[in-house]
Amino acid sequence: MSRYNAKEVETKWQSIWEDKKTFEAHADVTRPKYYVLEMFPYPSGNIHIGHVRNYTMGDVVARYKRAQGFNVLHPMGWDAFGLPAENAARDKNVHPAEWTFANIANMRRELKSMGLSLDWSKELATCHPGYYGKQQALFLEFIEKGLVYRKESWVNWDPVDMTVLANEQVTDGRGWRSGALVEKKKLDQWMFKIADFSEELLKGLGTLDRWPERVRLMQENWIGKSQGAKVNFSISDSDDSLEIYTTRPDTLFGASFMAISADHPLTHILLKDNPAIAEFVAECHRMGTSEEAIEKADKKGVDTGLTCDHPLIEGKKLPIYVANFVLMDYGTGALFGCPGHDQRDLDFARKYDLEVIRVVAEGDDEQSPIENVPYTGPGLMMNSEYLDGLTSDDAKTAVIERLEGQGLGSATTNYRLRDWGLSRQRYWGCPIPVIHCDTCGTVPEKAENLPVILPDDVTFDKPGNPLDHHPTWKHVNCPSCNKPATRETDTMDTFVDSSWYFARFCAPRNDLPISKEDTDYWLPVDQYIGGIEHAILHLLYSRFYTRAMKITGASEIDEPFSGLFTQGMVTHETYRSESGAWLLPEEVIHNDNGDPVHIETGEPVIIGGIEKMSKSKKNVVDPGEIIDKFGADAARWFVLSDSPPDRDMEWTDAGATGAWRFKQRLFRFITENIDKIAIKGTEKPSDFSKGALVLRKEAHKAALQVTDNLEKLHFNNAIARIYEFMKALGDFKVSDTAGDPWALREAMEIMVHLVGPMMPHLSEELWEMLEGEGLLADSPWPQADISLTVDDTVTMAVQVKGKLRATIEVAKDEDAKKVEEIALAQISVQNAIGDNPIRKIIVVPNRIVNVVI
RNA sequence: GCGGGUAUGGCGGAAUUGGUAGACGCGCUGGUUUUAGGUACCAGUUCUUUACGGAGUGGGGGUUCGAUUCCCUCUACCCGCACCA
């Protein structure tokens, strides 16, 4: 018996697919399209198991849809700009480009060894001028349409990476990449007007019915829509006023102070003459924005000495404080404090001994003074003059009406989403194609001068931006007046690169950034697959870009990804030596007693928790070694088989071995029984043995259920069904009946098709043995014969008082009376009923009989 | 604090959405072969009981002939956001 040689077979089919350009996609309006995309990788050097899981899932979808007759686009590229390349340049003295392209070459080789049905002719790398030059062209169009602007603003400054971060890139006050505490700094920044699209981005979520609910909710929260009012409070004894935003205009009569942000324009004026304010503002800027810092920080403020006139209470004056809890970038950076109905305001009021007024009754009659807990719910108004007795909802409307009448305020919708700052003070990114001219100001580069190419000769020995240090690169003539000017040395946030790559993939070598003809056909992406970690950042930015591209006329679509699937992580057990050092999985073996020990020293090993694979805990497995040991097919099979795809899965050697065993078993069964099957193309005989009929049913049921599971991306269930089918196939013995060899061939062919998307190499090999026409990758998906998937007899459960007492075999759709009769004839049923009178018998056709006594 | 999710054997997980709970895989137990094996095959494997039977999907309650599934309530864990006015 020959063993299946995975290495040989896998490379054989990989080169055949490549030679035949099997997976090259071409737009063809006469055919239905399907665009499958997995989030493209950052070329860090090697693929990891998470990539294997991600790309295997995408590949199964791609191959399955292809077999279903779709014209499938399944491209791959590289999210290739970013800091690690600069770090490598500094640490290892290699040029970022050299480092990146070497990593790409290695990872491309690794991906190819997985046998993915990718169209490599469409490969792109964002660090290639052919890509980023087009990104610059698109950017110029964005400038022209007013989608980008420049403004001096407070930014999140990462002191380790020496660059600006977007709000989305700051978690717990720390940079998403460096982990350093982020500082506030004021810089000239390029901004995308994403906030203008808040409502559209929010509404669009409603159309994304093939996105996980979770991701839509996260985006919804991020956009943070709230309904409220803007109110102008006039500053006492002056012509100036202070505009605030509130979601609780109903509590206006409970106002007892005003608070403005440390960065509020009014604060800026006041601090000049008031050292106390100046000192407080400085303190606010020193304070971190981390979770701990915020939790520990008291609600603090400093009295400006100014007051506001209450808009609805004649003669009432409200002191204005600069307060540390007021954010400049939410609402108007100013608020009125209502201690009775807001915890934060109450804390502040207690600290500075300010009035606490209850204006909303709790329940019907709870009107007691507020003590330590504010009442934040709805209720009937009180202490509020003309509002008294109204519900808080009605009071909101009434207050807004009054304020509008007086020209003091209006109903407003506020969003938390802020504009996206894209400037980064880095070398390895897409240069922002603008020039700063003393005479003309900020001038976009001329389209014919694109791409603005990164200079090769840069050094990384100084902190800061190498582009800025470069002796000549930034010195150019103004495109407008031709006088000496300076090129912008900031580069774009790498999230810009990934905000439109899905569109570029449709025609990656086109002169235009986006080929409308091609995107009209291919977009939107039908199935996008990637990690949940991009639920906000990348996906929201891409949705913004899609809208912006519609405005520039580059594309027509509304949403970039009509289907989104977020796959879970791959985890692994952790191992430590007794000294506490982390150990790699391959350093651990089990000794004769079954205890885990170190492979070399024999020392006992402590098995720790199952955690996300990470280099620091060494609980990683190398895909290259896995593929080498088990073969790509087995690796693919295992990452799909055990856990539902959206959940975390644990990588275990035993599981991979199981996959490997199945592969061997299938191969063996077909090679050993190939001489028993009917000759290819034999006409279907009419005479089948009983066993053959059973097999045919199993085959067609499997075809139906696997199809169904693949449609739903329930890969683990699809695999379970295949295992069941394999068992039936293995049990089948060809008899003398004429139809049996034919049935065996049919079953084998169906099996090979069903396994195909998951184990493409093995199934091509088997398809060839079965003398299948052309490549399996090109052949259509098996259609289940529905008449074979329904049995003519069914097993029905018989319950007495809801407890199972027997099962009966009856004809499908058997008459209820007859079923009842058979059920009641069962000894076990009669025993259970005993002497009790039968009150009712419920018969659910083909499922269950329940005798109620 | 706000929002969301999850809970089923020793483990990963199934269950056509109210109809035989535990499919399938891993592990384990016993057996049969064998070319050494971490090979292959067969049987078994929720708990309890000698058996008949009984119990059982995080806990408690409810609706129903019937609940893993629907409702109420509690508990535990996980995730996202968070000084958002």
Side-chain angles (χ1 to χ4, degrees), chain A residues 1 3 171-172 212-222 224 226 228 244-248 251 259 261 289 291 293-295 297-300 323-327 329-338 341-345 347-348 376 414-416 532-533 535-536 589-590 610 637-638 641-644 647-650 652-662 664-665 668 705 708 714 716-727 730 795-808 828 831-832 839-853:
Chain A
M1 180 204 13
R3 274 220 161 170
T171 335
D172 288 347
E213 180 67 20
R214 185 151 86 109
V215 174
R216 286 185 306 193
L217 267 164
M218 281 161 76
Q219 293 216 352
E220 191 180 318
N221 292 337
W222 192 263
S226 76
I244 61 96
Y245 173 75
T246 179
T247 56
R248 294 296 303 272
T251 64
S261 163
T289 48
E291 194 179 346
I294 286 165
E295 279 204 351
D298 271 346
K299 306 288 170 271
K300 277 202 280 196
N324 64 353
F325 61 83
V326 186
L327 306 172
D329 42 16
Y330 184 78
T332 62
L335 54 87
F336 80 79
C338 177
H341 304 282
D342 182 286
Q343 183 66 57
R344 203 190 36 204
D345 294 349
D347 294 347
F348 193 80
T376 54
N414 193 56
Y415 300 89
R416 210 182 70 117
I532 186 76
E533 67 273 18
I536 297 173
I589 55 162
H590 288 263
I610 296 158
W637 186 260
F638 176 53
S641 64
D642 256 9
S643 303
R647 282 201 217 169
D648 290 354
M649 70 159 293
E650 187 194 352
T652 61
D653 242 41
T657 308
W660 183 86
R661 272 205 292 261
F662 174 76
Q664 295 296 338
R665 195 171 157 210
R668 201 176 339 108
Q705 292 171 347
D708 191 45
H714 291 173
N716 55 327
N717 293 351
I719 284 179
R721 295 284 80 77
I722 290 173
Y723 274 118
E724 280 183 296
F725 177 27
M726 186 64 226
K727 198 167 173 321
T795 310
M796 288 181 71
V798 184
Q799 298 181 336
V800 177
K801 255 171 71 183
K803 285 206 190 309
L804 184 71
R805 295 298 171 185
T807 55
I808 53 173
S828 54
N831 287 344
R839 289 202 290 155
K840 204 193 320 183
I841 299 181
I842 289 150
V843 179
V844 181
N846 303 324
R847 287 189 195 271
I848 206 163
V849 181
N850 195 2
V851 183
V852 187
I853 52 173

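As the structure is a prediction and not an experimental result, all values here were calculated from the model. Residue numbers begin at 1 in each chain, while the letters A, B, ... track the order of the sequences.
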Enquirer: Measure from CE on M649(A) to P on A14(B) and round the result to the nearest Å.
Expert: 14 Å
Enquirer: Whole Å only: how far is the CZ atom of R214(A) from the P atom of G3(B)?
Expert: 18 Å
Enquirer: For G60(B) versus A15(B), give the span between their P atoms, rounded off to a whole number of Å.
Expert: 26 Å
Enquirer: When both hydrogen-bonding distances must be under 3.5 Å and the geometry is Watson-Crick or G-U wobble, what is G37(B) paired with, if anything?
Expert: none
Enquirer: Between S226(A) and Y245(A), do the side chains contain an N or O donor and an N or O acceptor separated by less than 3.5 Å?
Expert: yes
Enquirer: With RNA chain B as reference, determine whether G658(A) or D648(A) sits nearer its 5' end, using the nearest nucleotide of each.
Expert: D648(A)
Enquirer: Would the base of A85(B) count as contacting R344(A) through its side chain, where contact means a donor and an acceptor less than 3.5 Å apart?
Expert: yes
Enquirer: Tell me the interatomic distance from D329(A), atom CG, to A82(B), atom C1', rounded to whole angstroms.
Expert: 14 Å
Enquirer: Base, sugar-phosphate, or nothing for R661(A), non-hydrogen atoms under 4.0 angstrom?
Expert: sugar-phosphate
Enquirer: Say we look at C47(B) and G10(B): how far apart would their P atoms be, to the nearest angstrom?
Expert: 7 Å
Enquirer: Can you tell me the Watson-Crick or wobble partner of U6(B), both distances under 3.5 angstrom?
Expert: A76(B)
Enquirer: Could you give the CZ-to-P distance, from R248(A) to A85(B), as a whole number of Å?
Expert: 11 Å
Enquirer: Could you check whether D708(A) gets within reach of a base, just the sugar-phosphate, or nothing at all, counting any heavy atom under 4.0 Å?
Expert: nothing
Enquirer: Does any donor-acceptor pair link the side chain of N850(A) with the base of C65(B) at a separation under 3.5 Å?
Expert: yes
Enquirer: Paired with U63(B) by Watson-Crick or G-U wobble geometry, both distances under 3.5 Å: which nucleotide is it?
Expert: none
Enquirer: Give a yes/no on whether any side-chain N or O of Y723(A) is located under 4.0 angstrom from OP1 or OP2 of G25(B).
Expert: no
Enquirer: Within the side chain of D345(A), is there an N or O that forms a donor-acceptor pair under 3.5 Å with the backbone of C338(A)?
Expert: yes
Enquirer: Is any side-chain N or O of K801(A) under 3.5 Å from a base N or O of C65(B), one able to act as donor and the other as acceptor?
Expert: no
Enquirer: Any ion pair linking R721(A) and E724(A) (charged N to carboxylate O, less than 4.0 Å)?
Expert: yes
Enquirer: Using a cut-off of 4.0 Å on non-hydrogen atoms, how would the nucleic acid contact of R805(A) be classed: base, sugar-phosphate, or nothing?
Expert: sugar-phosphate
Enquirer: Any sub-3.5 Å donor-acceptor pair from Q799(A)'s side-chain atoms to R805(A)'s backbone N or O?
Expert: no
Enquirer: Looking at K803(A), does any N or O in its side chain come under 4.0 Å of the phosphate oxygens OP1/OP2 on C65(B)?
Expert: no
Enquirer: Atom CZ of R647(A) to atom C1' of A14(B): distance rounded to whole Å?
Expert: 11 Å
Enquirer: Among the candidates U20(B), A14(B), C65(B), find the nucleotide nearest to the side-chain atoms of K840(A).
Expert: C65(B)
Enquirer: How is T246(A) classified with respect to the nucleic acid when contacts are heavy atoms under 4.0 Å: base, sugar-phosphate, or nothing?
Expert: sugar-phosphate
Enquirer: Enter the distance from T795(A):OG1 to I848(A):CD1 here, rounded to the nearest 0.5 Å.
Expert: 12.5 Å
Enquirer: On a whole-Å scale, what distance lies between the P atoms belonging to G44(B) and G9(B)?
Expert: 23 Å
Enquirer: Quick check for you: among G25(B), G19(B), A85(B), whose closest atom lies nearest to any side-chain atom of L335(A)?
Expert: A85(B)
Enquirer: When you measure from the side chain of A654(A), which nucleotide among G3(B), U20(B), G27(B) comes out closest?
Expert: G27(B)
Enquirer: Kindly label the base of G58(B) as syn or anti, based on whether its glycosidic torsion lies within 90° of 0.
Expert: anti
Enquirer: So what does R416(A) hit on the nucleic acid, given a heavy-atom distance under 4.0 Å: a base, only sugar-phosphate, or nothing?
Expert: base
Enquirer: Under 4.0 Å between any heavy atoms, over every strand shown, what does T795(A) touch: base, sugar-phosphate, or nothing? Just pick one.
Expert: base
Enquirer: Identify whether any heavy atom of Q799(A) sits under 4.0 Å from a base atom; if not, whether one sits that close to sugar-phosphate; answer base, sugar-phosphate or nothing.
Expert: base
Enquirer: Looking only at atom P, what distance separates C77(B) and U8(B), rounded to whole Å?
Expert: 15 Å
Enquirer: What distance separates E220(A) CD from R416(A) CZ, expressed to the nearest 0.5 Å?
Expert: 12.0 Å
Enquirer: Checking N324(A) side chain against K300(A) main chain: does a donor-acceptor pair fall under 3.5 Å?
Expert: yes
Enquirer: Suppose we define a pair by two distances each less than 3.5 Å, Watson-Crick or G-U wobble; what does G1(B) pair with here?
Expert: C81(B)
Enquirer: M726(A) CE to C24(B) P: how many Å, rounded?
Expert: 15 Å
Enquirer: From C81(B), C83(B), A85(B), pick the nucleotide closest to the side chain of V326(A)?
Expert: A85(B)
Enquirer: C83(B) C1' sits how many Å from K300(A) NZ, rounded?
Expert: 14 Å
Enquirer: Backbone N or O of G802(A) within a donor-acceptor pair of the N850(A) side chain at under 3.5 Å?
Expert: yes
Enquirer: Ignoring the backbone of W222(A), work out which of C24(B), C84(B), C81(B) is nearest its side chain.
Expert: C81(B)
Enquirer: Can you tell me the distance, in whole Å, between the CG atom of N221(A) and the C1' atom of G3(B)?
Expert: 6 Å
Enquirer: Determine whether any donor atom in the side chain of R847(A) lies under 3.5 Å from an acceptor atom in the base of U16(B), or the reverse, and answer yes or no.
Expert: yes
Enquirer: Mapping A797(A) and I842(A) to their closest nucleotides on RNA chain B, which lands nearer the 5' end?
Expert: A797(A)
Enquirer: Kindly say if N717(A) contacts the phosphate of A15(B), meaning a side-chain N or O under 4.0 Å from OP1 or OP2.
Expert: yes
